[in-house]
Number of protein chains: 2
Amino acid sequence: MQIGELARQTGCEVETIRYYEREGLLPAPARSASGYRRYEPGHVEQLNFIRHCRSLGMSLADIRQLADYHRHPAPEPCDRVNALIDDQIRRVHSQIETLQQLERQLLALRGRCHSPHTLADCGILKTLEDASSGEPCACHPPATGKKIAG
Amino acid sequence: MQIGELARQTGCEVETIRYYEREGLLPAPARSASGYRRYEPGHVEQLNFIRHCRSLGMSLADIRQLADYHRHPAPEPCDRVNALIDDQIRRVHSQIETLQQLERQLLALRGRCHSPHTLADCGILKTLEDASSGEPCACHPPATGKKIAG
DNA sequence: GCACACCCTGTAGCTACTATAGGGTCAAGC
DNA sequence: GCTTGACCCTATAGTAGCTACAGGGTGTGC
């Protein structure tokens, strides 16, 4: 099949497929006399593998590793596969925690301006301004030993 | 002060300061006879303002807006400031939800391989392989109407 | 006159694509 | 035989927010 058909079957953009080939994620297919890429059914699965891993937030470098393990299922232990997934879980978890803290900070900042104000009176701008001068701000309370609410 | 001193006072890299200037976030300072940038104390505050907003995850485009409002506190209402923060809160919140779903999927995938296996027997690789062939996988359970556990 | 810390501009790199520009191929229809 | 249109090709630049060079100039102390 041609690249357009592969794209349709996998829901992946044509440009992305060519990009994966350049990046060594998808093996280069045979070419027709006129230089068109000719894919086999196996390519559909390989591309699905990549897209599935991407949907799990994995980096292309990690996927390259996983795809290699998948293509060459040696009798060695699969510790590295597990470690790779564990790392990904840790990364995602720490991103969640960072974003949750961010959300709390943003909500605190947002709480500084409710009723209609002018720009000159906006509690949000005032808070940001004070913070720029080194004053303590609502959004970044001193976290040294003290609980936020308790 | 020179750019290095501004960098020290704000904890911001010299290259980043020049980058902010290029991007129109930080006003271009005066120059010495030999072309060195000469910053005033006001620049410290403006850079702190930018860094503070960045620490809240805001985009440079949004910060450019906020900094403009801050520099020109007109008597117009501050609705746009509030809307900007609200949008940021929404963005962060939806990122959190996406990542939480990702985490659940990764944990489900991880659960397919516990004891020591070989690469050929790895439940994680198997799961990814099956998913590539269109079979239902542990990490992406069908969410159409059915609850995962219940 | 040299070493060294600092400064300058300009450009390339990072991730994972996406979007062009500028061209070739192929089948159908007239 | 010619055109039209869908498809394909390569190469390059753009996205966000920096970071890291290369290749050079400046300023101060010894």
Side-chain angles (χ1 to χ4, degrees), chain A residues 1-26 28-39 43 46-67 84 87-88 91-92 95 98-99 102, chain B residues 1-26 28-39 43 46-67 84 87-88 91-92 95 98-99 102:
Chain A
M1 81 193 79
Q2 293 190 166
I3 197 168
E5 179 58 24
L6 178 61
R8 263 184 300 277
Q9 284 192 29
T10 57
C12 184
E13 299 270 343
V14 165
E15 290 87 355
T16 306
I17 296 174
R18 287 196 280 247
Y19 172 69
Y20 287 160
E21 181 183 327
R22 275 202 305 280
E23 294 296 306
L25 280 153
L26 200 60
R31 297 281 184 138
S32 74
S34 54
Y36 287 17
R37 290 173 178 82
R38 314 244 59 144
Y39 292 96
H43 282 105
Q46 292 190 62
L47 185 49
N48 276 336
F49 186 95
I50 296 169
R51 296 306 287 173
H52 189 88
C53 291
R54 281 295 297 140
S55 83
L56 290 168
M58 295 185 210
S59 71
L60 295 190
D62 281 359
I63 297 172
R64 201 177 287 120
Q65 274 285 316
L66 277 181
L84 207 144
D87 282 353
Q88 177 67 10
R91 253 187 319 262
V92 168
Q95 276 177 38
T98 301
L99 285 170
L102 224 58
Chain B
M1 79 194 80
Q2 294 188 168
I3 196 168
E5 179 59 24
L6 178 61
R8 264 184 298 278
Q9 284 193 27
T10 57
C12 184
E13 299 270 343
V14 165
E15 290 87 355
T16 306
I17 296 173
R18 287 197 279 247
Y19 172 69
Y20 287 161
E21 181 182 326
R22 274 203 304 283
E23 293 296 305
L25 280 153
L26 200 60
R31 297 280 184 138
S32 75
S34 54
Y36 287 16
R37 290 172 178 81
R38 315 245 55 146
Y39 293 97
H43 282 105
Q46 292 189 64
L47 184 49
N48 276 336
F49 185 97
I50 296 170
R51 297 305 287 174
H52 189 87
C53 291
R54 281 296 297 142
S55 82
L56 291 167
M58 295 184 210
S59 71
L60 295 190
D62 280 359
I63 297 173
R64 201 177 287 119
Q65 274 284 316
L66 277 180
L84 206 145
D87 282 352
Q88 177 66 9
R91 256 189 315 264
V92 168
Q95 277 177 41
T98 302
L99 286 171
L102 225 58

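Reckoned from all heavy atoms, side chains included, excluding hydrogens, waters and symmetry mates.
The CD-C1' distance, from A:Gln88 to C:dT15, rounds to 14 Å in whole Å. We find that CG of A:Leu6 is positioned 14 Å from C1' of D:dC8, with the value rounded to whole Å. B:Arg31 has its CZ atom 13 Å from the P atom of D:dT26, to the nearest Å. Atoms CG (B:Leu47) and P (D:dC18) sit 11 Å apart, rounded to a whole Å. The nearest whole Å value for the distance from the CE atom in A:Met1 to the P atom in D:dC8 is 12 Å.
Nearest approach of A:Leu102 to B:Gly57, heavy atoms of both residues: CD2-CA, 4.0 Å. Residues A:Arg31 and A:Arg38 come closest through the heavy atom pair C-CG, 4.0 Å. Listed here is the closest heavy atom pair of A:Cys12 and A:Ala7: O-CB, 3.0 Å. Between A:His43 and A:Leu26 the shortest heavy-atom distance is O-CD1, 4.3 Å.
Look at B:Arg37 and you'll find a side-chain N or O under 4.0 angstrom from OP1 or OP2 of C:dT9. Considering only side-chain N and O atoms, A:Gln2 lies nowhere under 4.0 angstrom from the phosphate OP1 or OP2 of D:dC7.
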Result block: side-chain N/O donor-acceptor pairs under 3.5 angstrom for residues 14-21 of chain B, not counting sequence neighbours:
unit_1	atom_1	unit_2	atom_2	d
B:Tyr20	OH	B:Arg51	NH1	2.7
B:Glu21	OE1	B:Arg37	NE	2.7

For nucleotides 16-27 of chain C, 5' to 3', base contacts (B), sugar-phosphate-only contacts (S) and non-contacts (-) with protein non-hydrogen atoms under 4.0 Å give BBS-----BBS-

Canonical and wobble pairing (Watson-Crick, G-U, under 3.5 Å) of DNA chain D, dot-bracket with | = ||||||||||||||||||||||||||||||

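Salt-bridge formation is detected for the pair B:Asp62/B:Arg91: a Lys NZ or Arg NE/NH1/NH2 atom is positioned less than 4.0 Å from an Asp or Glu carboxylate oxygen.
For the pair A:Leu56 and A:Gln88, the minimum side-chain heavy-atom distance is 4.5 Å or more. Residues B:Arg54 and B:Ile63 have side chains in contact (heavy-atom distance under 4.5 Å, counting atoms from C-beta outward).
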